[in-house]
Amino acid sequence: MRIERWEPERDGPLSEPAFRRKLRKLGFGATRYVYPPGTVFEEHSHDVDKMDAVISGRFRIEMTGRSIVLDPGDALFVPHGTPHRAAVVGNEPVVSLDGIREE
């Protein structure tokens, strides 16, 4: 799994605008979503490359037989066609940037 981690020394303070800029530099446009506690996404895939980026909260993603919990500042690359599932962890909503590869 390819994970991009926020590094304050390099990236500055974590904020939504700063994370959007980082995703854009990586070639991804982003849409903001808020997922309440208890949200679960069953196994699915996408026809585009994506980056799931977490601004706040905790988000578990299972992909390619592995599971990882994304914390604020983490972004996971999800290649097109790759089956994966996700769930909000804990009692805090997840604020996420759903990055889609720009052509």
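Reckoned from all heavy atoms, side chains included, excluding hydrogens, waters and symmetry mates.
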Check: Linking I/L/V/M/F/W/Y whenever any side-chain heavy atoms sit under 4.5 Å apart, do Tyr35 and Val54 land together?
Finding: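 The answer is yes; both residues are in one hydrophobic cluster.
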Notebook entry, point to check: Measuring from Arg85:CZ to Ser67:OG, what's the distance to the nearest 0.5 Å?
Noted result: 10.0 Å
Check: Same hydrophobic cluster for Val69 and Phe59, using side-chain heavy-atom links shorter than 4.5 Å among ILVMFWY?
Finding: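 Val69 does not cluster with Phe59.
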Notebook entry, point to check: Is it the case that one hydrophobic cluster holds both Met1 and Leu70, taking links as side-chain heavy atoms less than 4.5 Å apart, direct or via other members?
Noted result: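 As far as the 4.5 Å side-chain criterion goes, Leu70 and Met1 are connected within one cluster.
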Notebook entry, point to check: Without hydrogens or angle criteria, can the side chains of His80 and Asp49 be said to hold a donor-acceptor pair below 3.5 Å?
Noted result: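 The criterion, which ignores hydrogens and geometry beyond distance, is satisfied for Asp49 and His80.
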Notebook entry, point to check: More than 12 foreign heavy atoms under 6.0 Å from CZ of Arg2: is that the case here?
Noted result: yes
Next item on the list: State the OH-OG1 distance between Tyr33 and Thr39, to the nearest 0.5 angstrom.
Entry: 13.5 Å
Checklist line | Spacing of Leu26 atom CG and Phe77 atom CZ [to the nearest 0.5 Å] | finding: 10.5 Å
Margin query: Can you tell me which residue among Pro36, Ser56, Pro37 is in a side-chain contact (heavy atoms from CB on, under 4.5 Å) with Glu92?
Written below: Ser56
Checklist line | Approximate separation, where rounding is to 0.5 Å, of Leu23 CG and Arg101 CZ | finding: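 Rounded to the nearest 0.5 Å, the CG-CZ separation comes to 11.0 Å.
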Checklist line | Test log, rule side-chain contact (heavy atoms from CB on, under 4.5 Å), inputs Arg58 and Val88 | finding: CA-CA 6 Å; Arg58 301 182 79 217; Val88 172; over 6 Å; no
Margin query: Assess whether a salt bridge exists between Glu16 and Arg20, defined as any Lys/Arg side-chain N lying under 4.0 Å from an Asp/Glu carboxylate O.
Written below: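 Counted as a salt bridge, because a side-chain N and a carboxylate O are separated by less than 4.0 Å.
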Next item on the list: Specify the closest pair of heavy atoms between Gly81 and Ser45, including all atoms of both residues, with the distance to one decimal.
Entry: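 Heavy-atom minimum between the residues: C-CB, 3.8 Å.
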Margin query: Side chains of Glu4 and Met51, heavy atoms from C-beta outward: is any pair under 4.5 Å?
Written below: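 They are in contact (side-chain heavy atoms under 4.5 Å apart), so the answer is yes.
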Margin query: Nearest 0.5 angstrom please: Asp74 CG to Phe19 CZ, how far?
Written below: 7.0 Å
Checklist line | Least distance between heavy atoms, Met63 atom then Pro79 atom | finding: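 Residues Met63 and Pro79, closest heavy atoms: SD-CD, 4.3 Å.
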Check: Under a 4.5 Å cut-off applied to non-hydrogen side-chain atoms, are Glu62 and Glu43 in contact?
Finding: no
Next item on the list: Step by step, work out the side-chain contact (heavy atoms from CB on, under 4.5 Å) result for Val34 and Val94.
Entry: CA-CA 6 Å; Val34 178; Val94 167; over 6 Å; no
Margin query: If I take atom CG from residue Leu97 and atom CZ from residue Phe28, how far apart are they, to the nearest 0.5 angstrom?
Written below: 12.5 Å
Note to self: Over 60° means perpendicular and under 30° means parallel, so tell me whether His44 and His46 are parallel, tilted or perpendicular.
What the structure shows: perpendicular
Notebook entry, point to check: Has the side chain of Trp6 got a donor or acceptor atom that lies under 3.5 Å from a matching backbone atom of Ala75?
Noted result: no
